[in-house]
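The next block holds one structure in the form of structure tokens; read it before the comments.
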Amino acid sequence: MRGIAISPSNQCCSSPLQFQTQDTLPSQPYRTVNLNPLLQFNKKKKKKQNPSNGRRYSLVSKISINPSNNNTQTPIPPLVVFGSANADIYLEINRLPKVGETISANSGQTLAGGKGANQAACGGRLSYPTYFLGQVGDDGHGKLISEALQNGGVCLDYLNTVTDAPTGHAVVMLQPDGQNSIIIVGGANMNCWPHTLSDQDFEVVRNAGIVLLQREIPDSVNIQVAKAARSTGVPVILDAGGMDAPFPQELLNFIDILSPNESELGRLTGMATESFEQITQAVVKCHKMGVKQVLVKLGAKGSALFVEGEEPIKQPIISATKVLDTTGAGDTFTAAFAVALVEGKSRNECLKFAAAAASLCVQVKGAIPSMPDRKSVLDLLQSH
């Protein structure tokens with residue numbers, strides 16, 4: 001296992017992280033992560049970008065590949081999350097209302113969320129250099145999200161603020177057992193995107209260590225990002241959560257790992273996913289659709305990684321002492337898996353690292369507020 005020692009700072013934009021491997025880098029379990037030249041993001045900002053993170057910087061954090069070999073240094077390729085940002089309006093209720101019924105909520109609050117922002121926040125909290133690229137409206141919800149991500153150490157130099165659409169938001173109905181039902185309003189996540197992304201956006205993607213996508217932004221945007229990543233060998237993970245619509249084949253052609261939960265896998269394939277055998281057959285259909293690796297989140301039954309031509313790797317859950325809110329748990333799992341992957345951990349280690357992060361997530365209310373820090377994840381892993 002590749003040991004990582006990290007400075008206590010979690011602000012990847014303001015102070016460089018120090019990564020030091022304790023032994024040589026193991027072979028990449030999927031395909032070699034593209035360690036690109038040192039990133040120098042000195043381009044002029046686009047119009048309408050978030051002004052709250054105005055500093056320009058270069059990613060200068062470094063990783064020692066082999067300390068015994070003259071301490072050779074290579075830059076850390078960042079996690080780049082291209083996706084959605086929502087204001088999550090939480091309503092704590094005893095049960096869902098029936099048709100035509102009005103019920104009272106026990107409490108309510110508004111917190112930063114959205115699948116893309118959640119995953120970026122997770123990367124930042126895990127002390128890995130993380131960029132978030134997306135869109136928010138010029139409103140209070142947009143400021144709420146920007147502040148939450150900045151406080152989590154996420155770099156927002158390429159977050160756009162648009163004036164013609166409100167920030168996306170979601171109504172999260174949270175029941176006493178921690179389960180939730182969610183209604184999403186796309187807002188800036190689904191509107192006002194340019195027909196073609198900017199050169200600055202493509203530059204960030206091409207210099208990433210790994211890219212995370214979700215389906216809460218237009219497929220046309222995801223396709224552009226996935227193509228740009230593929231052009232320089234950057235792995236792409238597509239979280240299947242988001243719009244309930246068929247997946248464009250062009251998008252599936254340019255991703256490396258598809259990460260659905262059971263219901264999303266069922267909708268994608270049109271097959272039953274109640275048993276592990278049924279899930280396996282549904283994954284086979286994904287392989288036939290061109291997706292070679294499928295990371296399935298199975299809720300209380302854990303997770304499984306399917307690589308075409310190999311036996312699936314199963315990972316049970318790491319039990320939580322209490323479950324308060326499952327919102328964001330899947331996003332935490334996917335982002336933590338991505339961080340472990342770009343750090344060079346084995347497949348089994350990636351799954352276990354992600355399971356530990358998700359276990360900590362469900363013990364705290366809210367999406368971004370529940371994202372665990374690296375020390376908490378490592379402490380939990382050490383105790384199991």
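These figures come from a predicted structure and were not determined experimentally. Hydrogens, waters and symmetry mates are skipped; everything else that's a heavy atom, side chains included, is used.
To the nearest 0.5 angstrom, Leu238 atom CG is 11.5 Å from Leu295 atom CG. Rounding to the nearest 0.5 angstrom, the gap separating the CD1 atom in Ile103 from the CG atom in Leu96 is 7.0 Å. Going from atom SG of Cys350 over to atom CZ of Phe333 covers 9.5 Å, rounded to the nearest 0.5 Å. Taking NZ of Lys345 as the reference point, atom CG of Leu341 lies at 10.0 Å (rounded to 0.5 Å). Separation of atoms CG (Leu174) and CG (Leu324) is listed at 8.5 Å; rounding is to 0.5 Å. In this structure, CG in Asn118 is found 11.5 Å from CG in Leu212, a value given to the nearest 0.5 Å.
A donor-acceptor contact under 3.5 angstrom links the side chains of Asn261 and Ser263, judged on distance only. Checking Asn207 against Glu203 by side-chain atom types alone, no donor-acceptor pair falls below 3.5 Å. Asn106 and Asn94 share a donor-acceptor pair across their side chains, judged by distance under 3.5 Å alone. Using a 3.5 Å distance cut-off with no hydrogens or angles, the side chains of Asp138 and Thr163 do not pair a donor with an acceptor.
Taking 4.5 Å as the limit, some side-chain heavy atom of His141 sits within range of a side-chain heavy atom of Thr110. Using a 4.5 Å heavy-atom cutoff, the side chains of Val81 and Leu133 are not in contact. In this structure the side chain of Phe202 never reaches within 4.5 angstrom of the side chain of Val225, judged on heavy atoms. Two residues are said to be in side-chain contact when any heavy atoms from C-beta on lie closer than 4.5 Å; Asp331 and Cys122 fail this criterion. Two residues are said to be in side-chain contact when any heavy atoms from C-beta on lie closer than 4.5 Å; Ser146 and Leu156 meet this criterion. Within the 4.5 Å cutoff, the side chain of Val377 has heavy atoms near those of the Phe353 side chain. Residues Asp239 and Gln119 have side chains in contact (heavy-atom distance under 4.5 Å, counting atoms from C-beta outward).
Here side chain to side chain donor-acceptor pair (under 3.5 Å) pairs that include residues 301-326, with residues two or more places apart or in two chains, are Asn180-Thr326, Glu262-Lys301, Lys292-Glu308, Glu310-Arg347, Thr321-Gln363, Asp325-Thr327.
Under a hydrophobic-cluster definition in which Ile, Leu, Val, Met, Phe, Trp and Tyr are linked whenever side-chain heavy atoms come within less than 4.5 Å, directly or via other members, Phe306 and Leu252 are assigned to the same cluster. Linking Ile, Leu, Val, Met, Phe, Trp and Tyr whenever their side-chain heavy atoms come within less than 4.5 Å leaves Ile210 and Phe254 in two separate clusters. Under the 4.5 Å side-chain contact rule for hydrophobic residues, Val294 and Phe247 share a cluster. Using a 4.5 Å cut-off between side-chain heavy atoms of Ile, Leu, Val, Met, Phe, Trp and Tyr, with links allowed through other members, Val339 and Leu149 fall into the same hydrophobic cluster.
Counting heavy-atom neighbours within 6.0 Å of Gln382 CD, excluding the residue itself, gives a total of 12 or less. Summarising the local packing, NZ of Lys297 is surrounded by more than 12 heavy atoms from other residues, nucleotides or ligands at distances under 6.0 Å.
Contact between Val362 and Ala329 at its shortest, heavy atoms only, is CG1-CB, 3.6 Å. Of all heavy-atom pairs spanning Arg215 and Pro248, the tightest one is NH2-CD, 3.9 Å. Heavy atoms only, all atoms of each residue included: Val205 and Ala229 are closest at CG1-N, 3.7 Å. When every heavy atom of Ile217 is checked against every heavy atom of Met243, the shortest pair comes out as O-CE, 3.3 Å. Here the shortest heavy-atom pairing between Ala188 and Gln135 reads O-NE2, 2.9 Å. Of all heavy-atom pairs spanning Gly242 and Lys115, the tightest one is N-CD, 4.3 Å.
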Below 3.5 Å, can you tabulate the donor-acceptor pairs from side chains in residues 277-286 to any protein atom, sequence neighbours excluded?
{"from": "Gln278", "atom 1": "OE1", "to": "Glu274", "atom 2": "N", "distance (Å)": "2.8"}
{"from": "Gln278", "atom 1": "OE1", "to": "Ser275", "atom 2": "N", "distance (Å)": "3.1"}
{"from": "Thr280", "atom 1": "OG1", "to": "Phe276", "atom 2": "O", "distance (Å)": "2.8"}
{"from": "Lys285", "atom 1": "NZ", "to": "Thr269", "atom 2": "O", "distance (Å)": "2.7"}

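Other cluster members for Tyr90: Leu111, Val172, Ile182, Ile184, joined by side-chain heavy-atom distances under 4.5 Å among Ile, Leu, Val, Met, Phe, Trp and Tyr.
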| message | What verdict does the side chain to side chain donor-acceptor pair (under 3.5 Å) test give for Asp164 and Asn191, after you've listed the backbone C-alpha separation in whole Å, the side-chain angles of each residue and the deciding distance to 0.1 Å? | response | CA-CA 8 Å; Asp164 295 331; Asn191 299 283; over 6 Å; no
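A salt bridge links Lys375 to Asp379: one of the charged nitrogens lies within less than 4.0 Å of a carboxylate oxygen.
With respect to Phe132, the side chain to side chain contact (heavy atoms under 4.5 Å, CB included) criterion is satisfied by exactly one of Leu79, Val80, Leu159: Leu159.
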